[in-house]
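The first residue of the sequence shown is numbered 1, and numbering continues consecutively from there. Basis for what follows: all heavy atoms, side chains included, without hydrogens, waters or symmetry-related copies.
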Amino acid sequence: MKKEAAVASTAPKKKMKRCKEDVIFDTVVFIILTIILFITAYPLYWVIISSISDPSAVSSGDVLLRPVGFTLKGYAEVFKNSSVMRGFVNSVIYTVCGVMVNLIVTLPTAYALSRNNFTGNKPITFFYMVTMFFGGGLIPTYLVVKNLYLLNTMWALILPGCLSVYNMIVARTFFKSNISEELYEAAEIDGCTQGRFFFKIALPLSKAIIAILVLYYGVGHWNSYFSALVYISDKQKYPLQLVLRNILITNETALSQTATTAEARAAMKEKQELVNVMKYSLIIISSIPVMVMYPLVQKHFVKGVMIGSVKG
């Protein structure tokens with residue numbers, strides 16, 4: 001009997017025969033997903049190859065599947081402007097400091113609201129949620145920032161949005177789902193205080209949600225330019241997104257002048273082609289930090305998002 005069982009266990013397993021309907025279904029799904037992948041990925045790929053192609057080839061539509069006339073003119077023109085690197089450094093500073101402030105505000109708030117023994121839990125949560133649907137508007141917000149003497153400072157871009165209610169609710173749900181009352185009661189019996197429990201137990205167990213918050217807040221700070229447009233007038237303090245926007249506007253304004261001679265029209269056409277390539281170069285430059293950030297938090301991304309997907 002044992003010999004027969006051993007032979008049966010070592011025998012190759014036969015694959016289950018699939019019916020015709022399953023094969024057709026899988027084939028249709030594969031084709032649909034391939035089409036969606038192509039529709040999503042090709043524009044990104046086209047921006048990359050256009051940024052390193054000859055400007056005239058891009059304007060004439062010759063760039064489809066591979067770079068034509070490899071050149072880095074677009075990147076060279078962008079980096080000729082000294083304000084690009086200054087804006088890059090400013091954006092890094094704003095993003096790092098902003099994310100730190102966001103975590104300092106969001107995590108304790110979410111933890112406190114996740115505890116069942118916290119007095120006023122529901123009214124405070126409701127108060128936060130009201131702000132998701134109603135806001136004071138641009139002018140009152142500007143007046144508040146002005147009266148707090150935050151204009152032309154880094155804090156004007158950080159403090160007004162230091163807490164995202166959506167991210168706070170996601171973190172609150174994470175704490176509520178993963179930090180059990182039994183764990184807190186065991187720590188309390190050992191003499192652990194609320195603060196110590198938060199820093200020594202809750203935070204080390206919350207790496208997934210911290211990574212997700214860093215990603216969400218970091219991308220938001222990096223891509224933000226409207227707040228800087230409203231609150232920052234000193235060009236030395238412009239973030240990268242605002243610097244890139246101004247470069248494009250300056251070039252397009254210069255091209256709007258009327259050319260009177262054939263040589264001037266040819267020069268203007270060449271400049272216009274270069275500006276078009278610069279747009280793609282600017283997209284790549286501004287996207288690099290975000291593309292680098294995603295792989296670093298990828299292993300925590302799915303877990304953090306799925307846990308935060310159920311609000312309660």
I139, CD1: over 12 other non-hydrogen atoms inside 6.0 angstrom: no
Donor-acceptor contact present, side-chain Y45 to main-chain L65, <3.5 Å: yes
Atom pair CG/CG of N167 and L107 - distance to nearest 0.5 Å: 10.0 Å
Short side-chain to backbone donor-acceptor contact, W46 and V63, under 3.5 Å: yes
Listed partners of R115 passing salt bridge (Lys or Arg N to Asp or Glu O under 4.0 Å), at least two apart: E181
Min side-chain heavy-atom separation M100-V214 under 4.5 Å: no
Side chain proximity check, Q241 to S224, heavy atoms < 4.5 angstrom: no
Heavy-atom neighbours of F25 CZ exceed 12 at 6.0 Å: no
Set of ring-ring contact (aromatic ring centres under 6.0 Å, His included) partners for Y111, sequence neighbours left out: F175, F198
S56 backbone acceptor or donor facing D54 side chain under 3.5 Å: yes
ring-ring contact (aromatic ring centres under 6.0 Å, His included) involving Y225 - partner list, sequence neighbours excluded: none
Nearest-0.5 Å distance that lies between atom OG in S206 and atom CD1 in I179: 4.5 Å
Contact check, side chains of L183 and S180, non-hydrogen atoms, under 4.5 Å: yes
Side-chain donor or acceptor of N90 paired with backbone N/O of Q236 under 3.5 Å: yes
Flag side-chain contact, heavy atom, 4.5 Å: V105 against L163: yes
Flag if over 12 foreign heavy atoms under 6.0 Å of OH, Y128: no
Test item: Y216 and N102 side chains (from C-beta on) under 4.5 Å apart, heavy atoms: no
Check: Y94 ring centroid to W222 ring centroid under 6.0 Å: no
Any Y231 side-chain heavy atom under 4.5 Å of N152 side chain: no
Side-chain (S114) to main-chain (R172) donor-acceptor, under 3.5 angstrom: no
Residue list, ring-ring contact (aromatic ring centres under 6.0 Å, His included) with W155, at least two apart or on another chain: none
4.5 Å side-chain heavy-atom contact, I49 and R66: no
Which residues share a side-chain hydrogen bond (donor to acceptor under 3.5 Å, both in side chains) with S51, sequence neighbours left out: Y75
Test side chain to side chain contact (heavy atoms under 4.5 Å, CB included) applied to V96 and H221, step by step: CA-CA 9 Å; V96 172; H221 284 293; over 6 Å; no
Under 4.5 Å side-chain linkage, directly or through intermediates, the cluster mates of Y149: none
Derivation and outcome, side chain to side chain contact (heavy atoms under 4.5 Å, CB included), residues V243 and F88: CA-CA 9 Å; V243 171; F88 190 92; over 6 Å; no
Exceeds 12 heavy-atom contacts within 6.0 angstrom, atom CZ of F127: no
